[in-house]
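Everything below concerns the one structure shown next.
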2 protein chains.
Amino acid sequence: MNLRDLRYFVALADTKHFGKAAERCYVSQPTLSAQIKKLENYLGVQLIERQPRKVTLTETGAKIVPLARRMLQESDEIIALARNEHDPLSGKLNVALIPTIGPYLLPLVMRRLRKQLPRLKLMLYEYQTQPLLEKLRAGDIELGILALPVALDGLDVRQLYDEAFTVAVPNNSELAKKANVKVDDLNGETVLLLEDGHCLRDQALDVCSRVNAKESEDYRATSLETLRQMVAAGLGITLLPELATRGPFGSGQGLTVKTFTRPVPSRTIGAVWRKSSSRGEAIKAICDVLETAMKESKK
Amino acid sequence: MNLRDLRYFVALADTKHFGKAAERCYVSQPTLSAQIKKLENYLGVQLIERQPRKVTLTETGAKIVPLARRMLQESDEIIALARNEHDPLSGKLNVALIPTIGPYLLPLVMRRLRKQLPRLKLMLYEYQTQPLLEKLRAGDIELGILALPVALDGLDVRQLYDEAFTVAVPNNSELAKKANVKVDDLNGETVLLLEDGHCLRDQALDVCSRVNAKESEDYRATSLETLRQMVAAGLGITLLPELATRGPFGSGQGLTVKTFTRPVPSRTIGAVWRKSSSRGEAIKAICDVLETAMKESKK
DNA sequence: TCACCTCCATAGGCTCTGCCTATGGAATAG
DNA sequence: CTATTCCATAGGCAGAGCCTATGGAGGTGA
């Protein structure tokens with residue numbers, strides 16, 4: 001039994017005339033006749049009573065027409081639904097960002113994303129790098145925005161922008177008085193870091209290992225905001241991503257943010273997604289927006 | 001798009017494994033793979049995300065699964081419904097009888113019909129011959145029980161039984177005192193008849209035309225029961241079908257029923273149905289029951 | 001009554017679809 | 001590195017759907 005045979009049958013039920021039903025279905029009358037006969041044989045019941053010049057439904061046929069009609073409607077629904085979903089730039093997309101990016105990047109780009117991709121509904125999540133990658137591989141999210149490099153098995157990657165590190169110091173520190181800070185100036189300083197699990201920790205450690213700055217043995221923070229407050233309280237200095245020092249997050253209230261002289265330590269922010277993802281076009285479009293926004297934001 | 005492809009897709013959605021889905025559908029894995037690919041192409045959307053060793057639904061695929069599942073259920077419902085209707089001796093059958101047969105025949109045969117054809121639901125109607133034939137040809141009823149002969153264009157016929165006429169006379173009439181009545185004894189009598197439209201009228205007139213009995217010019221009746229009461233009131237005599245004189249309908253209360261000597265005037269009762277009817281077997285079964293019942297009832 | 005028309009069914013041939021087996025490519029495990 | 005798993009691709013075959021041509025039954029009109 002197939003949908004086409006049901007379509008023929010319903011057309012015949014509506015028209016009560018083999019020739020007109022065939023026309024309606026864009027096939028020849030013998031085709032329609034044979035297919036309906038085949039349907040009757042398959043079901044083992046007579047659906048149509050064939051009088052000279054008069055076609056009527058049998059009782060069984062009359063019972064089956066509404067069911068067949070419903071099936072055809074649902075078939076049309078599936079096609080309509082697929083048509084609606086066809087636009088690669090529409091529908092939901094689950095996106096996760098790491099905590100040292102999300103709160104600082106999104107205010108810069110959300111308006112632009114909404115304007116340029118109005119039919120995309122971004123569902124936003126915040127995970128540290130490791131759980132982010134797990135959920136990405138599990139299919140729970142479709143796109144991750146994080147600091148590179150990460151292990152790429154099964155994933156595609158695209159670099160979006162480089163982000164400089166800055167140094168946040170207490171207002172009364174010697175470094176606060178310098179016009180510019182060199183990495184060597186961190187020598188001997190106590191550096192406050194995020195706890196394990198945040199990749200920013202490892203990135204800061206990497207920078208600090210080039211000089212004799214050591215990590216605080218007494219304090220670790222769970223967020224950049226906590227780090228900021230510990231610096232303002234004079235407990236040490238820390239490295240902050242540049243985006244995390246813009247606007248309300250910059251110098252003030254016991255804390256001064258300094259940029260490094262060249263070579264500026266930095267991290268690369270990128271996007272990762274499954275190679276097998278069906279949302280390649282939407283992902284590309286989002287990345288384009290992010291990359292453009294960050295380029296223009298550096299002017 | 002066809003039901004088989006949808007069945008493959010739903011199996012894959014359930015198993016998340018091409019090989020297992022193929023097994024479930026009793027086809028090879030490449031077949032299932034290719035058909036699902038074809039479905040995706042037809043709909044223009046990706047339904048399945050194909051990771052190494054891992055199959056997941058896309059968002060669109062997840063939306064389409066419940067619709068597909070419902071369609072397959074309805075397909076199964078159609079097949080189940082057809083299977084239930086397959087029994088030629090089950091389901092409804094619209095049967096019409098003429099008024100001079102229905103009330104007298106059915107009490108004799110309904111128990112037997114119920115017992116021998118328990119799954120047939122007889123919907124019973126009463127029409128005079130002409131409207132009965134119209135509704136039969138229109139498809140509103142499927143079987144008519146009436147007095148023959150009738151015009152048979154497009155119809156099949158079967159004789160069921162012969163029914164003798166009797167004569168009903170007032171108790172105080174000379175005919176009431178005769179042991180048996182001959183047709184010639186009606187000579188000079190005033191005969192009460194049914195109004196136009198009842199074939200029994202024409203049949204009685206045919207019998208009366210052989211002798212000089214004349215129809216009452218003052219009275220016509222709309223039913224056999226009315227006829228009976230007019231005879232009891234002494235307004236004339238009438239011819240009654242034999243079945244209409246059995247049990248509570250026989251002699252009594254001012255009226256005597258007499259049988260004719262040979263050659264007994266009679267009418268033939270038969271069944272008619274459309275040649276194109278799909279209910280041949282049920283119709284045959286009913287006629288068998290009626291015919292047997294009447295044969296045995298004559299002993 | 002005959003000729004013509006309408007209407008559905010049947011027959012024969014062609015194209016397309018669904019299916020199989022065989023094989024390839026990618027990824028994973030030992 | 002080899003073996004296994006898993007899905008996709010390739011090539012060939014049988015069956016299904018479709019067409020045109022035709023037949024048979026019934027109805028209509030002259």
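So you know, we letter chains A, B, ... as the sequences are listed, proteins then strands, and number each from 1.
Near DNA chain C, defined here as any heavy-atom distance below 4.0 Å, the residues from residues 35-52 of chain B are B/Q35, B/K38, B/P52, listed numerically.
Mapped onto DNA chain D by nearest heavy atom, B/T31 and A/T31 fall at different nucleotides, with B/T31 at the one closer to the 5' end. Between A/V27 and B/K16, it is B/K16 whose nearest contact on DNA chain D lies nearer the 5' terminus.
The CG-P distance, from A/L32 to C/dT10, rounds to 14 Å in whole Å. Residue B/H17 contributes atom NE2, which lies 13 Å from atom C1' of C/dT28 at whole-angstrom precision. Rounded to a whole Å, the CD atom of A/Q29 is 14 Å from the P atom of D/dA21. As rounded to whole Å, 12 Å separates atom P of D/dG17 from atom CG of B/L3. The distance from atom CG of A/D5 to atom P of D/dG17 is 6 Å, rounded to the nearest whole Å. Nucleotide D/dC6 holds its P atom 7 Å from the NZ atom of B/K20, rounded to whole Å. Residue A/F18 contributes atom CZ, which lies 17 Å from atom P of D/dA25 at whole-angstrom precision. Between the CZ atom of B/R137 and the C1' atom of D/dG26 there is a distance of 14 Å, rounded to whole Å.
Contacts of A/D153 with the nucleic acid, taken as non-hydrogen atoms under 4.0 Å apart, are absent.
By the side chain to side chain contact (heavy atoms under 4.5 Å, CB included) test, B/S266 is found to be paired with no residue, residues two or more places apart in sequence or in another chain being considered. Residues passing the side chain to side chain contact (heavy atoms under 4.5 Å, CB included) test with B/E126 are B/P99, B/P103, sequence neighbours excluded. Considering only residues two or more places apart in sequence or on other chains, B/D76 meets the side chain to side chain contact (heavy atoms under 4.5 Å, CB included) condition with B/R7. A search for side chain to side chain contact (heavy atoms under 4.5 Å, CB included) contacts involving B/K275 returns B/D156, not counting sequence neighbours.
The residues A/D202 and A/R267 are annotated as not salt-bridged, no charged nitrogen and carboxylate oxygen being separated by less than 4.0 angstrom.
Contact check, B/N2 against C/dT17: no side-chain N or O comes under 4.0 Å of OP1 or OP2. The shortest distance between the side-chain N/O atoms of B/R4 and the OP1/OP2 oxygens of C/dC19 is below 4.0 Å. For C/dC20, the OP1/OP2 oxygens have a side-chain nitrogen or oxygen of B/S28 closer than 4.0 Å. One finds no side-chain N or O of A/S33 lying less than 4.0 angstrom from the OP1 or OP2 phosphate oxygen of C/dC8. Residue A/Y8 has a polar side-chain atom (N or O) positioned under 4.0 Å from OP1 or OP2 of D/dC18.
Within 6.0 Å of the NZ atom in B/K284, the count of heavy atoms belonging to other residues, nucleotides or ligands does not exceed 12.
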For residues 133-149 of chain A, which side-chain N or O atoms pair as donor and acceptor with protein atoms under 3.5 Å away, sequence neighbours left out?
unit_1	atom_1	unit_2	atom_2	d
A/R137	NE	A/D153	O	3.2
A/R137	NH2	A/A151	O	3.2
A/R137	NH2	A/D153	O	3.3
A/R137	NH2	A/D153	OD1	2.8
A/E142	OE1	A/N94	N	3.0

